Amino acid sequence: MFDFEQLDVYHKARDFRKKLYTILATKNSIDRNLLDQLKRASLSIVLNIAEGSGKSSKADKRNFYVTARGSTYEVVAIMDILFDDGIIADDEKEGLYKGLETISKMLLGLINHLR
């Protein structure tokens, strides 16, 4: 088993990405560039957690977790845009937002632990 597979935040990020993709599959009017950016940012959360866990120095691990947290914020901003444009409903946004809040807090805990 790889180290990242033992991290709760990794599993939460995977679950979030899957839930997001399921919701996006029902939407037809999303700008292709915005959709691509949203998918890349949500994938970046998962991948940076995995890559960071494989680094040997605390500073390297921390940098990847900081990047994952930045991608979390990026997804929040894109969801705001999708909500503003009427593409996602309030309940969809709120459900996804809660998941991102949890992921962000968990990443912050990892980041602070590596100081």
Side-chain angles (χ1 to χ4, degrees):
M1 176 175 276
F2 292 95
D3 289 346
F4 64 88
E5 293 176 302
Q6 298 175 36
L7 296 173
D8 288 338
V9 69
Y10 172 75
H11 293 284
K12 295 236 185 251
R14 281 183 59 206
D15 291 343
F16 172 83
R17 191 208 59 82
K18 186 175 180 181
K19 182 178 180 182
L20 176 67
Y21 278 36
T22 299
I23 290 171
L24 293 175
T26 67
K27 310 299 178 185
N28 295 325
S29 58
I30 302 176
D31 174 78
R32 204 171 80 220
N33 293 322
L34 190 61
L35 178 62
D36 180 58
Q37 187 66 28
L38 180 57
K39 286 183 172 183
R40 286 187 291 119
S42 65
L43 186 58
S44 172
I45 299 168
V46 177
L47 297 179
N48 277 291
I49 292 167
E51 190 168 357
S53 75
K55 298 300 179 182
S56 55
S57 78
K58 285 184 177 183
D60 284 343
K61 284 180 187 284
R62 186 175 183 278
N63 284 336
F64 280 93
Y65 297 152
V66 167
T67 299
R69 193 161 186 252
S71 294
T72 303
Y73 280 58
E74 183 178 358
V75 172
V76 170
I78 295 171
M79 286 187 341
D80 285 341
I81 292 166
L82 294 176
F83 177 74
D84 292 346
D85 291 350
I87 295 169
I88 60 172
D90 190 48
D91 61 328
E92 291 171 321
K93 180 184 175 203
E94 285 302 312
L96 293 169
Y97 188 90
K98 287 178 183 178
L100 289 169
E101 268 188 318
T102 300
I103 291 166
S104 178
K105 289 175 183 176
M106 293 173 87
L107 286 168
L108 183 59
L110 287 172
I111 292 163
N112 288 337
H113 178 74
L114 293 169
R115 288 186 185 224

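Counting begins at 1 with the first residue of the sequence. Keep in mind that what you see is a predicted model, and the values were worked out from it rather than measured.
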Heavy atoms only: give me the nearest [X]-[Y] pair and the separation to one decimal.
X	Y	answer
L35	I30	CB-CG2, 3.7 Å
A68	N48	CB-CB, 3.8 Å
S42	V75	N-CG2, 3.7 Å
N112	R115	OD1-NE, 3.2 Å
I45	A13	CG2-CB, 3.8 Å
S44	S71	OG-OG, 2.8 Å

(request) Give a yes or no on whether the backbone of L114 and the side-chain of K58 come within a donor-acceptor separation of less than 3.5 Å. (result)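 No.
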(request) Without swapping roles, check the side chain of D85 against the backbone of I87 for a donor-acceptor pair under 3.5 Å. (result)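 Between the backbone of I87 and the side chain of D85 there is no qualifying donor-acceptor contact (under 3.5 Å).
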Atom [atom1] in [X], atom [atom2] in [Y]: separation rounded to 0.5 Å?
X	Y	atom1	atom2	value
L100	T72	CG	OG1	6.0 Å
L47	F4	CG	CZ	9.0 Å
L38	L20	CG	CG	4.5 Å
E51	D60	CD	CG	9.5 Å
E92	L82	CD	CG	10.0 Å
I49	T67	CD1	OG1	11.0 Å

(message) Using a 6.0 Å cut-off, check whether atom NZ of K105 has over 12 heavy atoms from anything other than its own residue.
(response)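 No.
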(request) Please answer: with hydrophobic residues joined when any side-chain heavy atoms are less than 4.5 Å apart, are L34 and Y97 in the same cluster? (result)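 As far as the 4.5 Å side-chain criterion goes, Y97 and L34 are connected within one cluster.
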(message) Is there a path of hydrophobic side-chain contacts, each under 4.5 Å between heavy atoms, that joins F64 and L110?
(response)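 They do not share one cluster, since no chain of ILVMFWY contacts under 4.5 Å joins F64 to L110.
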(message) By the side chain to side chain donor-acceptor pair (under 3.5 Å) test, which pairs, at least two apart or in different chains, include something from residues 2-18?
(response)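 Counting only pairs at least two positions apart or across chains, no side chain to side chain donor-acceptor pair (under 3.5 Å) contact touches residues 2-18.
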(request) Determine whether the side chains of R69 and Y73 contain a donor N or O and an acceptor N or O closer than 3.5 Å. (result)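 Present: a donor and an acceptor within the cut-off.
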(message) With a 4.5 Å cut-off on side-chain heavy atoms, are K93 and D80 touching?
(response)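 Side-chain contact under 4.5 Å: yes.
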(request) Decide yes or no for F83 and L96: does some side-chain heavy atom of the first lie under 4.5 Å from some side-chain heavy atom of the second? (result)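 No, every pair of side-chain atoms sits at 4.5 Å or beyond.
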(message) What I want to find out is whether D36 reaches R40 closely enough, with some N-O distance under 4.0 Å, to be called a salt bridge.
(response)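 Between R40 and D36 there is a salt bridge, with a charged N closer than 4.0 Å to a carboxylate O.
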